[in-house]
Trainee: 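Dumping the structure here so I can ask a few things about it.
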Protein chains: 2
Amino acid sequence: MTHYSDQRAYFFKIDTTIKKIRNALQKQLNEGGFDLTVDQWVLIDHIKRAPSISQNELAELTFKDPPTVTRIIDLLEKKGLVERAPAAGDRRKFNLFLTEKGADTYREAFPIVAEIRRKGWGDLEETDYQHFVRIMDSIYQNFN
Amino acid sequence: MTHYSDQRAYFFKIDTTIKKIRNALQKQLNEGGFDLTVDQWVLIDHIKRAPSISQNELAELTFKDPPTVTRIIDLLEKKGLVERAPAAGDRRKFNLFLTEKGADTYREAFPIVAEIRRKGWGDLEETDYQHFVRIMDSIYQNFN
DNA sequence: ACACATTAGTTCGTCTACTAATAGTTAAGC
DNA sequence: GCTTAACTATTAGTAGACGAACTAATGTGT
């Protein structure tokens with residue numbers, strides 16, 4: 001029970017750290033005048049990188065559930081940032097694209113996101129990153 | 001831009017890892033027949049460790065907002081696991097306690113939580129834990 | 001060709017996160 | 001002492017997470 005792996009700390013630390021990052025990014029997006037949540041940004045980012053992606057593919061890539069993706073895309077479509085185009089050859093599917101307005105938003109918001117990432121990592125080093133990836137991947141894999 | 005700290009990876013890895021842990025724990029709680037969410041467990045755990053704690057103190061400790069704590073405590077009270085007692089000397093406050101049923105639930109659910117923590121950490125070592133804590137704390141502090 | 005399973009997306013219900021606004025209470029300053 | 005500020009908890013509204021159940025379309029086996 002007193003062994004380090006039994007402490008609540010690691011669960012708790014991951015949780016509070018991701019909250020901190022999300023809050024910082026959300027605050028910057030708000031102050032930049034963007035009507036965007038962090039999760040909405042994440043989907044826009046993926047669509048920008050893989051235009052014509054389907055909702056299910058998006059769900060897999062972002063580790064969100066299909067219903068969650070549906071709802072976020074609904075919102076982005078309402079704002080005119082994303083477009084659902086019927087997929088050729090499969091009438092169940094949609095191909096997702098950024099609208100012109102969506103592409104503009106991406107371009108304008110990107111520097112804010114990049115700055116938050118840079119700020120969060122601070123002066124941690126390459127070897128820290130290797131430790132970080134190894135430990136996180138290990139925890140993740142332990143649940144597979 | 002190609003520098004490691006600019007990758008989306010670290011944000012993404014933290015996010016997916018905490019999701020994985022939460023899902024694993026929730027699944028175990030469900031399979032164990034507990035009518036408890038992960039967040040509800042977190043509050044029960046804190047009340048167990050600090051009986052008579054107030055809602056605001058609980059919010060600070062768990063990094064949840066006061067309205068969130070209010071709602072979760074409402075649910076736990078409805079289930080008969082937690083009790084709100086008026087605080088002596090300050091009629092705005094409540095002192096929170098586990099009911100007998102709440103204490104039973106804690107005792108029964110604890111092994112499940114401990115097992116998930118153990119499983120997640122796997123065979124990572126003490127030095128890994130030190131790296132982990134240092135890196136997480138660093139990211140966290142970079143936003144203060 | 002037809003029953004059957006699978007896939008893509010949606011709807012619904014419950015829960016948590018966060019903001020803003022509010023009631024009621026207590027503390028502080030002049 | 002009295003006004004004002006600060007604090008504790010709550011309510012309301014929007015957004016997101018997730019599971020279950022559903023519709024419509026597609027694929028497979030015989």
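Source: prediction; values computed, not measured. Below, each value reflects all heavy atoms present in this structure, side chains not excepted, and no hydrogens, waters or symmetry copies. Chain letters run A, B, ... following the sequence lines, proteins first and then strands; every chain starts at 1.
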Trainee: Roughly, in whole Å, what's the span from CZ in A/Arg71 to P in C/dT14?
Mentor: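 Checked: the CZ to P distance equals 16 Å.
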Trainee: Within residues 89-96 of chain A, which residues have any heavy atom lying less than 4.0 Å from an atom of DNA chain C?
Mentor: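 Within residues 89-96 of chain A, the residues near DNA chain C are A/Arg92, A/Lys93, A/Phe94.
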Trainee: Reckon A/Asp39 touches a base, only the sugar-phosphate, or nothing at all at heavy-atom distances under 4.0 Å?
Mentor: sugar-phosphate
Trainee: OP1 or OP2 of D/dA9 less than 4.0 angstrom from a side-chain nitrogen or oxygen of B/Asn56, does that happen here?
Mentor: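 Checking B/Asn56 against D/dA9: at least one side-chain N or O falls below 4.0 Å of OP1 or OP2.
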Trainee: State whether A/Gln55 places a side-chain N or O below 4.0 Å from either non-bridging phosphate oxygen (OP1 or OP2) of C/dT10.
Mentor: yes
Trainee: Could you grab the distance from atom CZ of A/Arg107 to atom CG of A/Leu98, nearest 0.5 Å is fine?
Mentor: 10.0 Å
Trainee: In the structure I gave you, are the side-chain heavy atoms of A/Phe94 and A/Ser54 within less than 4.5 Å of one another anywhere?
Mentor: no
Trainee: Check the orientation of B/Tyr140 and B/Phe63. Use parallel for under 30°, tilted for 30 to 60°, and perpendicular for over 60°.
Mentor: perpendicular
Trainee: Between A/Thr70 and C/dT10, does any side-chain N or O lie under 4.0 Å from OP1 or OP2?
Mentor: yes
Trainee: Does some side-chain heavy atom of B/Ile14 sit less than 4.5 Å from a side-chain heavy atom of A/Phe132?
Mentor: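 Yes. Closest side-chain heavy atoms under 4.5 Å.
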Trainee: Whole-Å distance between C/dT16 P and B/Leu43 CG?
Mentor: 8 Å
Trainee: Tabulate protein N/O versus nucleotide N/O from nucleotides 2-5 of chain C, keeping only pairs under 3.5 Å, one per line.
Mentor:
none

Trainee: Hey, can you tell me if A/Phe12 and B/His46 have their rings parallel, tilted or perpendicular (30° and 60° cut-offs)?
Mentor: tilted
Trainee: Using a cut-off of less than 4.0 Å, is there contact between a side-chain N or O of A/Thr37 and OP1 or OP2 of D/dA15?
Mentor: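 Checking A/Thr37 against D/dA15: no side-chain N or O falls below 4.0 Å of OP1 or OP2.
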Trainee: Would you call A/Ile139 and B/Lys20 a side-chain contact if the rule is heavy atoms closer than 4.5 Å?
Mentor: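 Contact flag for A/Ile139/B/Lys20 side chains = no.
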Trainee: If you draw a 6.0 Å radius around CD in A/Glu31, do more than 12 non-hydrogen atoms from other residues or ligands fall strictly inside?
Mentor: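 More than 12 heavy atoms, drawn from other residues, nucleotides or ligands, come within 6.0 Å of this atom.
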Trainee: By nearest nucleotide on DNA chain D, pick out whichever of B/Asn30 and A/Val38 is the more 5' one.
Mentor: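 Looking at DNA chain D, the more 5' nearest nucleotide goes with A/Val38.
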Trainee: Hey, does the side chain of A/Tyr10 reach the backbone of B/Arg117 with a donor-acceptor pair shorter than 3.5 angstrom?
Mentor: yes
Trainee: Using only side-chain N and O atoms of B/Gln40, determine if any of them is under 4.0 Å from OP1 or OP2 of C/dT16.
Mentor: yes
Trainee: Just how far, in rounded Å, is P of C/dC18 from CG of A/Leu29?
Mentor: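 These atoms are roughly 15 Å apart.
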Trainee: Please give, in whole Å, the distance from D/dA17 P to A/Lys64 NZ?
Mentor: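 Value for this atom pair: 4 Å.
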Trainee: Please determine which of A/Arg84, A/Glu60, A/Lys93 meets the side chain to side chain donor-acceptor pair (under 3.5 Å) test together with A/Gln55.
Mentor: A/Arg84
